[in-house]
Every structure is written in structure tokens, then in C-alpha cells.
2 protein chains.
Amino acid sequence: MREALTAAATHRVARPAPLRQAVYDALIELIISGSLTPGQHLVEAELAEHLGVSRQPVREALQRLQTDGWVDLRPAQGAFVHSPTEEEAAQLLGVRSVLETYSARLAAGNAKPEDVERLWELQEEGVGALAAGDVERLVTANTALHSFITSIAANAVLAELISQVSRKVRWYYTPIAKPRGKDAWNEHAQLIKAIAKGDAERAGEIMRKHTERTGDYRKAVAAGATALS
Amino acid sequence: MREALTAAATHRVARPAPLRQAVYDALIELIISGSLTPGQHLVEAELAEHLGVSRQPVREALQRLQTDGWVDLRPAQGAFVHSPTEEEAAQLLGVRSVLETYSARLAAGNAKPEDVERLWELQEEGVGALAAGDVERLVTANTALHSFITSIAANAVLAELISQVSRKVRWYYTPIAKPRGKDAWNEHAQLIKAIAKGDAERAGEIMRKHTERTGDYRKAVAAGATALS
DNA sequence: CCGCAGCATTCTGTATGCAGAAGTTTGTAT
DNA sequence: ATACAAACTTCTGCATACAGAATGCTGCGG
């Protein structure tokens, strides 16, 4: 297991990545995959043995996992896998929406012709995946499109926050993660047009509605709605 | 302080805070106060001795400081105080602006009469401090007003992000931290009126302009402008 | 049968020890 | 004098050790 961890880490960074980084990644994987369930008490010694390292790198990984919102660290009690609540999920969606809206506004102000071209390529990819019914490709394309818009926005602080928030949103909704489909990609097309025109106001407005609808949709699915539109 | 912001922590028993928390706070204080200058190499052993603890809590505090953006952690080299750039400062101001704007919108939708009453009290305090020329009181009142609005917004995720971003903004501009004065508090009054009416749209708009002006003002001061209006 | 006090166990939080990497200095040869 | 290399000096990263808190268990008394 130790070999697996170090091997997984080596291709990441030029410098030898610390063990704690590998542990951090491994634990997130375990949480996302459901091997560690919300509320579960994480005993350092057990994790250490399971991963073939000492408690030290495990502790340091847990620290980061806390500040990133994956686990709760209760003093003198240890780490517990974070239990997402409906309320918190709703709050996350709201925050993500305003951040993405800002991202779209900035992108509209910055986008160069080649950026727009790339956006259309990603749009094509998404529409293609939609037509093929390839859900995994669809999700990938959606993520790529949004994060490319963020990169056009050229605001590292914003990008970091969106990344953090989005990852948690994804986790909360993992069990019901169904892409919205056609409507969403029509909205993407409108968004790209606005960005191409440099119309920040309109780009922001479209993104705001887009993300709010995604939130509503996910809530609906959570409440029992089926299928994808 | 961070705990106080999360709703979950409110009804939790006060437990002895781990040393690493104290170290974390102490290091931020040292960074903000300028005792530790940007780019400086932080040697764990030195910090440990200076703070009277072992290297262990120091290490764990540095981990968190990294994910919160206060230090950079280079593998096998250790921690370096993060060097803020003009660009990053501008990005922070932008992000803070959209977050505060969202906060104002939410507050307008949630505010109860007693909340509005409290807001007017804080407003009085600020105006009083302004008249008395008491800068410290003015800053305190300003912070209190903004954070009370955030608490009315009742979004823990948002509150956490605003807290993080604001603290860094304060750090970047510490050397030139001069409050804007009369104009800012006129804007506050307008803002409270909008919140009282439950006019989210208007409250958001006022806050957006308010925070953008604060950013502009600070930039102007940074560029050499004097005094407070 | 239930409640509670005291003890045992378990786990965290902190300290210390140790091996290896990174940076620095010194010495040597050209 | 300069370039290069090897030893040296740090410092990090990980492992191990130990003290104290929190939880659970046991046994006694009601």
C-alpha cells in the first residue's frame, strides 16, 4: 500500500511529493467513493496502518481535509467525515452561483478571440456527448467549460474559491449527480456569445440564472425527480 | 474566532483549544503585524522555541496557514511567508465585493425588525466615532456593521469565505489602512434602509458600489493619496 | 431493573529521535 | 582568481514515545 501511495504521488510534482499529500488524496478518494461514510469516526492509527504509514502524515492530511471541509476535527476526539446538511448544500449552491457569475463577468471583459474559439470547441464536445448519451463525457465537458471560463477571468483568488466550493458541491450531490442536459448546453451557448461580445453584464446574468437553475434542478432530483431532461 | 462563525459550533461545549490553534493565531498575528515579512523563511525549530512549544504544533499550524494562503510550503524546504502582489490584492478586493454584495442581498431578504434596529445602533456608533475622530473605534464599528449584515444573511459558507478574504485584504492594506469616513457611512445608512425595506436588489447594488469604492479609495491611498475625506 | 461511581481502555495531542534532502562553506586544482 | 567538487551544516519529513483527556465498562447500591 505504501508503494501504491508513493507511486501515485510521484508523477504529480517535480519535487518528491511528501507522503502527506498522497495520504490526503487517498482519503478524499475514500470519502468520495463512499468507503468512509459521513459521520464516521476516523481513527488515526487505523488509517495509518491501512495506508502503511505512521500517524504523522495522516494527522497532517486530516488538518488539510478539515480546512477544505471534508472532515470535522473535534478537539480531543479526532476526525469525523463531514456530514453535509440540506442547509449547507443550499448555501454552497448560492455562493457558487455568485462566484461563477462574477467569473463570467470577468471572462467577458478579458476573452480574446482564441479563447472564444476554444470555448466553442468545448461547447461542441458537450453537445456531442449529450447526443451520444455519454454521461461521463458530458460531466467532463461541463467541468472543462466552466473552469476554462474561470481561467479566462484570470483571477486566481476567485479560481481557488470556485474550485473549493465546486468540489464540495459535487460531493454533496454525488449520489444524485445527473447532468441537466440540453437546456444547460443551450444556456452555455448563450453565455459564450455574450462573452464573445464582451458583454459582461449579460454574461453574468446568464451565468447567474444558469447556476441557479442547476441548483434548483439538483434539489428537485434530490427530492425524488427522475431522469435527465 | 473561526468556530464562532459556524452555526454548528454554537451549541457545542467549549473544549480546550489545541495548541496548534493558538500557534496558528499567533503566526497570523505575527504576519499581520509585520514581524514576519513576506518571503521570509520560517524555520520550524525557531518558531517552536519562540512560541514555547515543540515543532509538532508548529508544523500543523503551518499546514493550515498554507491552505489559507498565508504561507507557501515548498517540499523539503519548508514554509515561506506568502508574498502578496498588487494583482492578487486587486483580485481579493473584487472577490470580496461580490461576496459582500451577495451578503447584503440575503440580509435584505432575512432582516427582522430587531436586526434593523441593531444595524441602526451600529450606524450610530460609527457616525459617533467619525465625529469624534476616533479612528480605532471607527474601524471597529465598520467591521461590526459589515459582519452583522453577514450574520443576518445566515449563510455559514458565505460567512466563512468573507471572513477569510477580508482578513487578507486587511493584511495587504494594513500599512495604508485609513477609513474612508463620511461618505462610507452615508452609504451604510442607505444600505440599512434598503435592508429594512427588504429590497434585496437595491441593497446588493449599494453594497457593490460601496465595496468597489472602498477598493478604489485604498488603491488611491496606496498610490500616494493622503488623509481621510 | 436502573442509576451511578470508579476504573480500564482507547485515542488524541504533544514531545522527541532519526534519516535523508537541500543549501552552504571550504578546499583544491586549473 | 575562478570554477568545481566534496564535506559539512542545517532543516524538513517521518517515525516513535509518552502524557492526558474522553469514552465505555464494571460492579455496586438503590
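Only heavy atoms go into these numbers, but all of them, side chains included; no hydrogens, no water, no symmetry mates. Below, chain A is the first sequence line, B the second, and so on; all start at residue 1.
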**Item:** Any residue of residues 36-47 of chain B with a heavy atom less than 4.0 Å from an atom of DNA chain C
**Value:**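 Hits under 4.0 Å, by residue number: none.
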
What residues, two or more places apart in sequence or in another chain, satisfy side chain to side chain contact (heavy atoms under 4.5 Å, CB included) together with [X]?
| X | value |
| --- | --- |
| Leu158(A) | Leu99(A), Tyr102(A), Ser103(A), Leu106(A), Asn155(A), Ile162(A), Val95(B) |
| Arg20(B) | Arg59(A), Gln63(A), Leu73(A), Pro18(B), Pro57(B), Glu60(B) |
| Asn110(A) | Ile152(A), Ala154(A) |
| Ala141(A) | Glu125(A), Trp185(A) |

I need the [atom1]-[atom2] distance between [X] and [N], as an integer number of Å.
| X | N | atom1 | atom2 | value |
| --- | --- | --- | --- | --- |
| Phe80(B) | dG23(C) | CZ | P | 8 Å |
| Tyr24(B) | dG13(C) | OH | P | 17 Å |
| Arg20(A) | dA15(D) | CZ | P | 13 Å |
| Leu19(B) | dG20(D) | CG | P | 14 Å |
| Gln63(A) | dG13(D) | CD | P | 15 Å |
| Leu73(A) | dT12(C) | CG | P | 9 Å |
| Leu51(B) | dT14(C) | CG | C1' | 14 Å |
| Leu62(B) | dT12(D) | CG | P | 9 Å |

**Request:** Determine, step by step, whether Arg208(A) and Glu212(A) satisfy the salt bridge (Lys or Arg N to Asp or Glu O under 4.0 Å) criterion, reporting the C-alpha distance in whole Å, the side-chain angles of both residues, the deciding distance to 0.1 Å, and the verdict.
**Result:** CA-CA 6 Å; Arg208(A) 190 177 63 74; Glu212(A) 281 173 359; 3.1 Å; yes

**Request:** Indicate yes or no for a side-chain donor-acceptor contact from Asp115(A) to the backbone of Lys112(A) under 3.5 Å, with no hydrogens or angles considered.
**Result:**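 Between the backbone of Lys112(A) and the side chain of Asp115(A) there is a qualifying donor-acceptor contact (under 3.5 Å).
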
**Asked** If you find the nucleotide of DNA chain D closest to Gly78(B) and the one closest to Pro57(A), which residue's nucleotide is nearer the 5' end?
**Response**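 Result: Gly78(B).
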
**Request:** Measure from the side-chain heavy atoms of Ala76(B) and tell me the nearest of dA21(C), dA15(D), dA15(C).
**Result:**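 Of the candidates, dA21(C) comes closest.
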
**Asked** Picking from dC14(D), dA22(D), dA22(C), which would you name as closest to the side chain of Gln77(B)?
**Response**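 Looking only at side-chain atoms, Gln77(B) lies closest to dA22(C).
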
**Asked** With sequence neighbours left out, what residues match His146(B) under ring-ring contact (aromatic ring centres under 6.0 Å, His included)?
**Response**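 His188(B), His210(B).
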
**Any Arg59(A) side-chain N or O less than 4.0 Å from OP1/OP2 of dT12(C)** =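 Checking dT12(C) against Arg59(A), no side-chain N or O comes under 4.0 Å of OP1 or OP2.
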
**Message:** For dA15(C) and Arg55(B) - does any side-chain N or O of the residue sit under 4.0 Å from the phosphate oxygens OP1/OP2?
**Reply:**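 No, because none of the side-chain N or O atoms of Arg55(B) sits under 4.0 Å from OP1 or OP2 of dA15(C).
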
